[in-house]
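Beneath this line is the structure, given in structure tokens, with notes to follow.
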Protein chains: 2
Amino acid sequence: MRTILEMQKQLLPDLMEILKKRYTILHQILLSDVIGRRTLAVSLNMTERVLRAETDLLKAQGLIEIENIGMRISDSGRKLLEALEPIVKDIFGLSNLEERIQKAFGLRKVVIVPGDSEASPLAKKELGRAGAKALLGVISSKDVVAVTGGSTIAEVAEQLSPPGNLSLKQCWFVPARGGLGESLEIQANTIASGMAKRLGAGYRLLHVPDLLGKEAYESLVGDPNIHDIVEMIREARIIIHGIGDAMEMARRRKLEDSVVQDLQKEGALAESFGYYFDENGVVVHKMLTLGLHLDDIKSTETVIGIAGGKSKAKAILAVLKFGHEDILVIDEAAAEEIVEEIERSESRRAE
Amino acid sequence: MRTILEMQKQLLPDLMEILKKRYTILHQILLSDVIGRRTLAVSLNMTERVLRAETDLLKAQGLIEIENIGMRISDSGRKLLEALEPIVKDIFGLSNLEERIQKAFGLRKVVIVPGDSEASPLAKKELGRAGAKALLGVISSKDVVAVTGGSTIAEVAEQLSPPGNLSLKQCWFVPARGGLGESLEIQANTIASGMAKRLGAGYRLLHVPDLLGKEAYESLVGDPNIHDIVEMIREARIIIHGIGDAMEMARRRKLEDSVVQDLQKEGALAESFGYYFDENGVVVHKMLTLGLHLDDIKSTETVIGIAGGKSKAKAILAVLKFGHEDILVIDEAAAEEIVEEIERSESRRAE
DNA sequence: TCTCCTTGGTCCTAAAATGTCCCGGGTAAA
DNA sequence: TTTACCCGGGACATTTTAGGACCAAGGAGA
């Protein structure tokens with residue numbers, strides 16, 4: 001059967017464009033909480049006047065509320081957005097990309113958000129929202145969730161809000177691995193506690209100094225408290241992690257030059273939970289710290305990978321080849337690159 | 001779940017208006033076979049220029065074909081119209097009315113066509129189309145269909161076209177009852193044969209003089225030929241009948257003054273297949289002729305009532321209260337009146 | 001208190017939509 | 001065959017709308 005939209009398109013050729021436009025505006029307002037007309041116009045690349053015409057209409061439809069402080073989304077607007085999401089995805093052509101990637105790597109689910117999270121902070125916010133939604137979709141009442149650091153996962157934490165129908169009081173949030181040399185705000189510990197607080201869940205932290213010598217490492221492993229929490233981490237039912245570019249992560253973590261050179265020699269492309277992967281998804285280096293082992297990751301029930309930006313595409317691909325992701329949340333920019341790469345390798349195989 | 005249509009109504013109220021407009025134009029072209037721009041503009045109450053803009057678009061979309069003889073609908077236009085019908089009904093708000101009436105009288109199906117068939121010949125044509133569609137929806141290969149007279153049912157006959165997937169060669173069309181004093185074109189006999197010819201089915205007629213005396217009646221009943229056809233009529237699986245205003249029918253059939261006065265005294269409101277009903281659906285008078293008895297109607301599998309126009313609302317309501325309709329095909333004007341009446345009686349009951 | 005950002009109002013211009021008329025051509029009735 | 005009519009499409013002036021650019025008043029937050 002032809003979809004309703006397909007039929008309508010025949011009588012209203014520009015239906016899709018308008019739908020997309022209004023959806024985008026409404027969506028932007030949702031993400032911004034409250035926002036003024038001018039600011040919104042700039043961030044949407046529209047002139048103030050045309051935006052105004054649209055917002056007037058949205059207001060007339062009761063989808064947004066306009067006060068002298070700015071515009072905010074109304075309840076019915078929020079509901080409408082939610083209901084409209086799959087449709088708009090279809091129009092944006094993201095459903096296609098999702099299916100493509102999902103099949104290529106045998107994933108359980110792929111979520112692609114519109115835009116480029118590197119270029120637009122709002123796209124990044126949306127990536128966080130999608131990540132939060134994915135997490136809430138799989139979490140249940142007594143889960144242990146291991147989280148990594150990174151700005152993307154931090155954004156996920158920001159966007160988390162407690163689900164209405166489910167108490168998560170008996171959940172635990174833990175960092176996936178100990179100190180990895182990140183700055184405080186985007187450390188795994190910070191994020192784990194942040195998520196737990198937002199969801200009313202418990203959290204336990206793993207305080208491990210960043211640059212750990214062999215001996216210190218051995219002594220920490222022996223500590224009963226540390227041992228306890230590491231045990232908990234290794235039994236996590238859900239892992240939610242970011243994906244980074246290997247070289248950039250090395251730089252950000254101020255790894256020694258010799259290590260960086262080694263990484264480069266080994267062809268390290270991606271980094272995630274302290275492990276470095278080459279283009280085939282093989283681990284070529286690991287940071288010396290406590291927490292999840294590779295084997296734990298392989299046996300974890302749900303691994304959620306979240307990343308965005310065109311430049312992350314290669315890294316995401318590498319981690320996908322590692323082969324233990326279940327749910328992938330990325331942005332349009334990365335998705336397009338990844339699908340291109342899939343197609344290239346397919347045509348190579350066909351030769 | 002909210003339908004995609006409701007969401008669109010919220011976000012694209014203006015486009016829904018346009019959709020309605022274009023649908024109406026396309027629909028009108030369908031009903032008119034070929035029609036010129038000016039004529040169409042008049043019948044749609046639009047100025048020539050705006051209509052032209054629309055038809056240009058419809059042409060660009062390949063939904064109509066414009067030749068120097070006029071405009072006609074294309075195949076894809078025809079298909080689109082068919083597919084779009086429920087959607088437009090929803091936008092017109094007719095779905096609501098349909099459901100309302102269907103539930104109030106426990107009918108199997110209610111079809112409402114837009115417009116007022118008393119005011120616009122095209123609405124009447126559409127009523128005929130809908131009636132024809134309803135008939136084709138229930139008919140199967142060896143049915144006997146009893147039809148009444150009247151201009152509405154005549155229009156149904158006009159709009160019938162053989163279904164592609166079903167041979168009706170073994171169907172029979174018969175008049176529901178003998179001569180009732182209608183003019184030739186809208187007599188049941190004429191219509192039955194017309195329908196049969198259009199569908200490639202058989203027909204048998206019942207020639208009974210209009211004003212039948214008691215004795216003549218008795219002798220006719222005894223005639224074996226007449227008896228045969230009456231038997232067939234009484235076994236009809238489908239009845240398709242119009243509904244008329246009692247007084248108007250009495251006038252049209254030139255009933256004697258005394259009879260008319262009796263009818264008025266009894267509160268006769270509606271007429272159908274030669275029976276007169278009061279506002280509670282009680283039969284207060286019947287014409288003396290052969291054919292279907294009341295008991296036959298009650299036991300018939302599918303009774304299809306078709307009527308239109310604001311002034312018919314009361315009559316339709318009376319026949320509905322009689323309580324043996326299965327499928328009702330009416331126009332918007334009548335439907336609105338009927339629903340109003342339903343609401344009035346509901347609020348009376350609530351007091 | 002002051003500054004910044006908000007909405008809602010206004011004005012003006014360009015552009016699009018619309019009302020109106022006409023022309024050449026083909027159809028169908030006379 | 002002729003004639004009268006209706007057809008689509010072209011043309012054009014006019015109206016309406018959309019869009020761009022500002023501005024004033026007001027409230028929130030620093």
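We name chains A, B, ... by the order of the sequence lines, and we start the count at 1 in each one. Hydrogens, waters and symmetry mates play no part in the numbers below; they use all other heavy atoms, side chains included. If you're wondering where the values come from, they're calculated on a predicted model, not measured in any experiment.
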- Counting only non-hydrogen atoms, which of residues 59-68 of chain A are less than 4.0 Å from DNA chain C?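 Result for residues 59-68 of chain A: A:Lys59, A:Ile66, A:Glu67, A:Asn68, sorted by number.
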
Whole angstrom is fine here: how far is it from [atom1] in [X] over to [atom2] in [N]?
X	N	atom1	atom2	answer
A:Glu48	C:dC5	CD	P	13 Å
B:Leu57	C:dT18	CG	P	13 Å
B:Asn45	C:dT18	CG	P	15 Å
A:Asp56	C:dT7	CG	P	10 Å

Considering only distance and modelled atom types, tabulate donor-acceptor pairs under 3.5 Å from the side chains of residues 188-197 of chain A, sequence neighbours left out.
residue, atom, partner, partner atom, Å
A:Asn189, OD1, A:Leu206, N, 3.1
A:Asn189, ND2, A:Leu206, O, 3.1
A:Thr190, OG1, A:Leu184, O, 2.6
A:Ser193, OG, A:Thr190, O, 3.0

- Non-neighbouring partners of A:Arg129 that pass salt bridge (charged side-chain N to carboxylate O under 4.0 Å, His left out), sequence neighbours left out: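 For A:Arg129 the salt bridge (charged side-chain N to carboxylate O under 4.0 Å, His left out) partners, ignoring immediate neighbours, are A:Glu126.
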
Electrostatic pair [X]:[Y] at N-O distance under 4.0 angstrom:
X	Y	result
A:Arg22	B:Asp14	yes
A:Arg72	A:Glu67	yes
B:Glu85	B:Lys133	yes

- Query: Nearest nucleotide by nearest heavy atom, which residue falls closer to the 5' end of DNA chain C, B:Val50 or A:Arg52?
  - Reply: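 Residue closer to the 5' terminus by nearest nucleotide: A:Arg52.
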
- Which residue pairs pass the ring pair (Phe, Tyr, Trp, His ring centres under 6.0 Å) test when at least one of the two sits in residues 32-63 of chain A, sequence neighbours left out?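 Checked against ring pair (Phe, Tyr, Trp, His ring centres under 6.0 Å) - neighbours excluded - no pair reaches residues 32-63 of chain A.
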
- Query: Around B:Glu48, counting heavy atoms of other residues, nucleotides and ligands shown, do more than 12 lie under 6.0 Å from its CD?
  - Reply: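 Counting neighbours around CD of B:Glu48, more than 12 heavy atoms of other residues, nucleotides or ligands fall under 6.0 Å, so yes.
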
- Any residue of residues 21-42 of chain B with a heavy atom less than 4.0 Å from an atom of DNA chain D: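 Correct list: B:Ile35, B:Gly36, B:Arg37, B:Arg38, B:Thr39.
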
- Nearest-0.5 Å distance that lies between atom CD1 in A:Ile73 and atom CD in A:Gln28: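 That separation rounds to 11.0 Å.
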
Check whether the side chains of [X] and [Y] place a donor and an acceptor atom closer than 3.5 Å, and report yes or no.
X	Y	result
B:Ser95	B:Asp90	no
B:Gln159	B:Glu155	yes
A:Lys124	A:Ser151	yes

- Item | Covered region of DNA chain D, 5' end to 3' end, by chain B [heavy atoms, under 4.0 Å] |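 Counting from the 5' end, contacts occupy D:dC7 to D:dA11.
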
